[in-house]
*Asks:* 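Following this message is one structure expressed as structure tokens.
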Amino acid sequence: MPSTEAWVGTWRPHKTRGPIAALYGSPGPKYALPGLTGISKHDPTKYKAPMFSFGTRHDQASSDYSPGPRYLIPSNITRQGRDGTPAFSLHSRPKEPGLFQTPGPGKYSPEISGKSIFHSAPAYSLFGRAKESINNQTPGPASYSLPPVLGPKTVATSAAPTYSFCGRSKNGSFHEDLKKTPGPAAYKVVDPCIYRQKPPQYSMIGRNFTPGETTKKPGPGAHYPEQVTFTRTKAPSFSFGLRHSQYISPLIVDVTE
């Protein structure tokens, strides 16, 4: 059956298999789904794994460096300076810098400048030697000495053998003990009581007695059973005195007039 659709170029239009973006006026696939990685714009419907960092993010420093109202400006300070009564101190008045005194024509002496411009004969004077020459620390002839020609420390001549009366050194000698072996005197005599029978020993210390009871105990005559009132009834006791009240004033007999 021939188709009624016209040919467009070398191909014939056909029905699309699925919807395409050109058929809709909406943005379509312009908006994608939220991501599953990172913390920014993470999909809230999906599981988010724990995250770790190597430090905290510091706040950005403020670019405002003006003092603002934090500083209290004194009330006597105006835009024209300090306002108020004059203040005095105990300091002295500074000296005013003096003007530079330019030398005049009379300060110059051209007549004595001939020695600096023209050649002149040498002149001598009878003045003493200047002290500047004392700083010269050059050694004189007496500071040097020739090498010795006698003894074992000669440099320019050959030295004969020398002998001394010093004692023989133990280092490197025939009787030097290289192993540091102790001699017989380094050992102590062993006590015979260690390897033989030990005899009885006596001392001059006094005899020790067995400790006993030395406290004084009361005898039968030290007790008074008749005076015991804790276990039996106490008999009434009477006296011949009068009981006075502590609030009664005392009797004053001798009164000085």
Side-chain angles (χ1 to χ4, degrees), residues 1-105 107-108 116 130-139 143 153 155 169-173 176-183 186-188 190 194 211:
M1 180 178 180
S3 178
T4 58
E5 296 180 359
W7 287 78
V8 181
T10 58
W11 61 278
R12 180 180 295 176
H14 59 277
K15 188 177 180 180
T16 58
R17 298 179 181 178
I20 60 178
L23 300 177
Y24 305 95
S26 61
K30 179 179 179 181
Y31 299 96
L33 296 175
L36 300 179
T37 58
I39 189 175
S40 178
K41 299 180 180 180
H42 191 274
D43 190 357
T45 61
K46 302 296 181 179
Y47 175 75
K48 185 188 299 183
M51 297 175 298
F52 306 94
S53 62
F54 291 95
T56 58
R57 180 174 296 177
H58 301 280
D59 297 335
Q60 185 178 1
S62 177
S63 59
D64 186 10
Y65 294 101
S66 61
R70 292 182 299 174
Y71 300 95
L72 179 60
I73 301 177
S75 59
N76 59 345
I77 300 297
T78 62
R79 64 174 183 173
Q80 298 180 355
R82 185 183 297 272
D83 184 17
T85 58
F88 304 96
S89 63
L90 299 179
H91 295 280
S92 60
R93 180 176 296 179
K95 296 181 180 179
E96 297 181 359
L99 300 177
F100 179 71
Q101 302 294 336
T102 306
K107 294 291 184 180
Y108 299 95
S116 302
K131 295 182 179 180
E132 297 178 357
S133 60
I134 301 177
N135 298 329
N136 187 7
Q137 302 295 335
T138 304
S143 300
K153 298 181 180 180
V155 179
S169 176
K170 293 183 179 180
N171 297 330
S173 61
E176 181 183 4
D177 190 5
L178 300 178
K179 294 184 178 181
K180 304 298 180 182
T181 306
Y187 299 95
K188 296 182 180 180
V190 182
I194 297 178

*Asks:* Taking side-chain contact (heavy atoms from CB on, under 4.5 Å) as the definition, give me every residue that meets it alongside Glu96, ordered by chain and number, with sequence neighbours left out.
*Replies:* none
*Asks:* Sequence neighbours left out, what passes side-chain contact (heavy atoms from CB on, under 4.5 Å) with Pro182? Give chain and number order.
*Replies:* Ala186, Tyr187
*Asks:* Quick one: list whatever passes side-chain contact (heavy atoms from CB on, under 4.5 Å) with Thr181, sequence neighbours left out.
*Replies:* Asp177, Lys179
*Asks:* To the nearest 0.5 Å, what is the distance between OG1 (Thr37) and NE2 (His42)?
*Replies:* 7.0 Å
*Asks:* Using side-chain hydrogen bond (donor to acceptor under 3.5 Å, both in side chains) as the criterion, list what pairs up with Thr45, not counting sequence neighbours.
*Replies:* Asp43
*Asks:* Please name all residues satisfying side-chain contact (heavy atoms from CB on, under 4.5 Å) with Pro105, sequence neighbours left out, ordered by chain then number.
*Replies:* none
